[in-house]
2 protein chains.
Amino acid sequence: MPAAKSSKDEAIDAITDVFREFGFDGASLSRLSEASGLGRSSLYHYFPNGKDDMAQAAVERVSERASELVIGPLRAPGDPAMRVKAAAGGIAKFYEGGRANCLVNLFAFGEAGEAAPGAAKDMAAGLEDAFCAVARDAGFSPKEARLKAEHAIVEIEGALVVSRAQGSVAPFQRALARLPGVLTDR
Amino acid sequence: MPAAKSSKDEAIDAITDVFREFGFDGASLSRLSEASGLGRSSLYHYFPNGKDDMAQAAVERVSERASELVIGPLRAPGDPAMRVKAAAGGIAKFYEGGRANCLVNLFAFGEAGEAAPGAAKDMAAGLEDAFCAVARDAGFSPKEARLKAEHAIVEIEGALVVSRAQGSVAPFQRALARLPGVLTDR
DNA sequence: CTGGTTGTACCGAACGGACGGTATATAAGC
DNA sequence: GCTTATATACCGTCCGTTCGGTACAACCAG
């Protein structure tokens, strides 16, 4: 099967972009409809529970990309520092070089139900686990590795906030450059 | 002057809390009215330009607190590392131990005009300048100090995001503990 | 092959309600 | 009486959601 993208599939891509740009509240049905090319009621055909369903689909889509781009490289064999460097490249792609926002941050506010923020949190937890495993491979104790993984997530989330506030991706790029040190240096 | 708090002054406190909890879009006039104890008309009496005025007042209020609690200690005389430790205590208070959110992050989304996000950005810039000065006192070049200051802001913003997502202030507390190292260690 | 049924994809219009904001009137303080 | 402050009622707009309905393909009975 050549995977012939369904129109729902394409809609999810568009919807995801809207959520990442405007957050949950800011992603109005009008915007979602326009971006996806589907009428309001068509959206409800695919997502019977409305915005919450759409947000959840967006998180799932984003989680898949995170798995491919970031967690994959982290789990690959090889030198931990090199794996982190590869993952940093994936992170840059994932966040469009620092221009895109993180759903974990975005869905923490607004009227989103429980499902989407929970799923976003799960995705972050998966990422932290992968960071943690790399730190352990670099020789750190489980406790140390867990802290280093948390530190890495903090740097990424913070860099996204700062980059967005300043309108420049430079802080994000610098944070990515720090990442190998954060995770593998004593 | 015993500063006899005006009713507008008290309203700003309440309004600020609402913005910090719900963000710009989430801070509806109903919520702002209820929290401040002022009717709609009174709010518009004090803030003729509506929500944008209120948001700007909130940023100003918050900036004052940041000056007292964080920038003040950073500018005090003494050992740089000690000054950072004192400032970390101020930051903890400022963010209610990690429970409160940062307006720089919150106002970067939603329908806020230009003024409030701009003012929030200015506050962050002031904070970064103060961090930068400490790093220079610790012996770093202007360029190095600037990067360290940015790094410090990144850690704080990121820690707030992670703490909020996880519903625990522990990541924030750990980031604060890292702060002296970030700013003064070679 | 045909006519009818069923299911899927999709749409525009409309709903009730909440939104940010305004107008007018009343009341209190100097 | 004038300014300041607050209440009531209302405005138009947009929100998320639902409704009624169309277009079309697939299936199935005769």
Side-chain angles (χ1 to χ4, degrees), chain A residues 1 3-59 103 106-107 109-117, chain B residues 1 3-59 103 106-107 109-117:
Chain A
M1 258 213 297
K5 279 209 159 203
S6 75
S7 100
K8 172 173 179 178
D9 236 46
E10 289 174 24
I12 294 182
D13 281 336
I15 284 172
T16 302
D17 289 343
V18 174
F19 276 119
R20 286 183 91 173
E21 184 171 352
F22 298 103
F24 187 85
D25 288 353
S28 69
L29 265 291
S30 316
R31 276 203 255 248
L32 292 164
S33 168
E34 192 183 2
S36 64
L38 284 128
R40 287 162 114 75
S41 26
S42 304
L43 288 176
Y44 274 79
H45 173 68
Y46 292 118
F47 309 100
N49 291 338
K51 263 181 91 170
D52 280 313
D53 272 11
M54 301 180 212
Q56 210 174 339
V59 174
L103 292 180
L106 286 167
F107 285 175
F109 302 99
E111 318 246 296
E114 295 286 293
Chain B
M1 261 219 292
K5 281 210 158 198
S6 74
S7 99
K8 172 173 179 178
D9 236 44
E10 290 174 24
I12 294 183
D13 281 335
I15 284 172
T16 302
D17 289 343
V18 174
F19 276 119
R20 286 183 89 171
E21 185 171 351
F22 298 103
F24 186 85
D25 289 353
S28 69
L29 287 188
S30 319
R31 273 204 256 249
L32 292 163
S33 170
E34 191 183 3
S36 63
L38 267 59
R40 277 168 127 71
S41 44
S42 305
L43 284 177
Y44 275 85
H45 174 67
Y46 293 122
F47 309 100
N49 291 340
K51 265 181 88 170
D52 280 314
D53 272 12
M54 301 180 213
Q56 211 173 337
V59 174
L103 292 180
L106 286 167
F107 285 175
F109 302 98
E111 317 249 293
E114 294 288 293

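Chain letters run A, B, ... following the sequence lines, proteins first and then strands; every chain starts at 1. These numbers come from a predicted model, not from an experiment.
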Sugar-phosphate, base or nothing in reach of Gly26(A), heavy atoms under 4.0 Å: nothing
Touch class at under 4.0 angstrom, heavy-atom based, for Leu38(B) against every strand present: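 The residue Leu38(B) makes no contact with any strand.
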Heavy-atom closest contact (Gly50(A) atom, Tyr44(A) atom, distance): CA-CE2, 3.4 Å
Parallel, tilted or perpendicular: ring planes of Phe24(B) versus Phe19(B), cut at 30 and 60 degrees: parallel
What protein N or O atoms touch nucleotides 5-8 of chain C N or O atoms at under 3.5 angstrom, if any, and at what distances?
none

Nearest-nucleotide 5' precedence on DNA chain D, Tyr46(B) against Arg31(A): Tyr46(B)
For the side chain of [X] and the backbone of [Y], is there at least one donor-acceptor N/O pair under 3.5 Å apart?
X        : Y         : value
Arg31(B) : Gly26(B)  : yes
Asp52(A) : Gly113(A) : yes
Ser36(A) : Ala14(A)  : no
Lys51(B) : Ala27(B)  : yes

Polar-atom pairs under 3.5 Å, protein N or O versus N or O of nucleotides 19-24 of chain C: list them with distances, or write none.
{"unit_1": "dC19(C)", "atom_1": "OP1", "unit_2": "Ser28(B)", "atom_2": "OG", "d": "3.4"}
{"unit_1": "dC19(C)", "atom_1": "OP2", "unit_2": "Ser30(B)", "atom_2": "OG", "d": "3.0"}
{"unit_1": "dG20(C)", "atom_1": "OP1", "unit_2": "Lys51(B)", "atom_2": "NZ", "d": "3.0"}
{"unit_1": "dG20(C)", "atom_1": "OP2", "unit_2": "Leu29(B)", "atom_2": "N", "d": "2.7"}
{"unit_1": "dG20(C)", "atom_1": "N7", "unit_2": "Arg40(B)", "atom_2": "NH2", "d": "2.9"}
{"unit_1": "dG21(C)", "atom_1": "OP2", "unit_2": "Tyr44(B)", "atom_2": "OH", "d": "2.7"}
{"unit_1": "dG21(C)", "atom_1": "OP2", "unit_2": "Lys51(B)", "atom_2": "N", "d": "3.1"}
{"unit_1": "dG21(C)", "atom_1": "O5'", "unit_2": "Tyr44(B)", "atom_2": "OH", "d": "3.1"}
{"unit_1": "dG21(C)", "atom_1": "O6", "unit_2": "Arg40(B)", "atom_2": "NE", "d": "2.7"}

Close side-chain approach of Glu21(B) to Leu106(B), heavy-atom, < 4.5 Å: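 Answer no - side chains too far apart.
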Inter-residue atom distance Leu38(A).CG - Leu32(A).CG, 0.5 Å rounding: 10.5 Å
Audit row: Thr16(B), Val59(B), side-chain contact (heavy atoms from CB on, under 4.5 Å) steps and yes/no: CA-CA 8 Å; Thr16(B) 302; Val59(B) 174; over 6 Å; no
Any Ser42(A) side-chain N or O less than 4.0 Å from OP1/OP2 of dC11(C):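 Yes, Ser42(A) has a side-chain N/O under 4.0 Å of OP1/OP2 on dC11(C).
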Opening and closing nucleotides of DNA chain D in contact with chain B, under 4.0 Å to non-hydrogen atoms: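 From 5' to 3', the first and last contacting nucleotides are dT4(D) to dT8(D).
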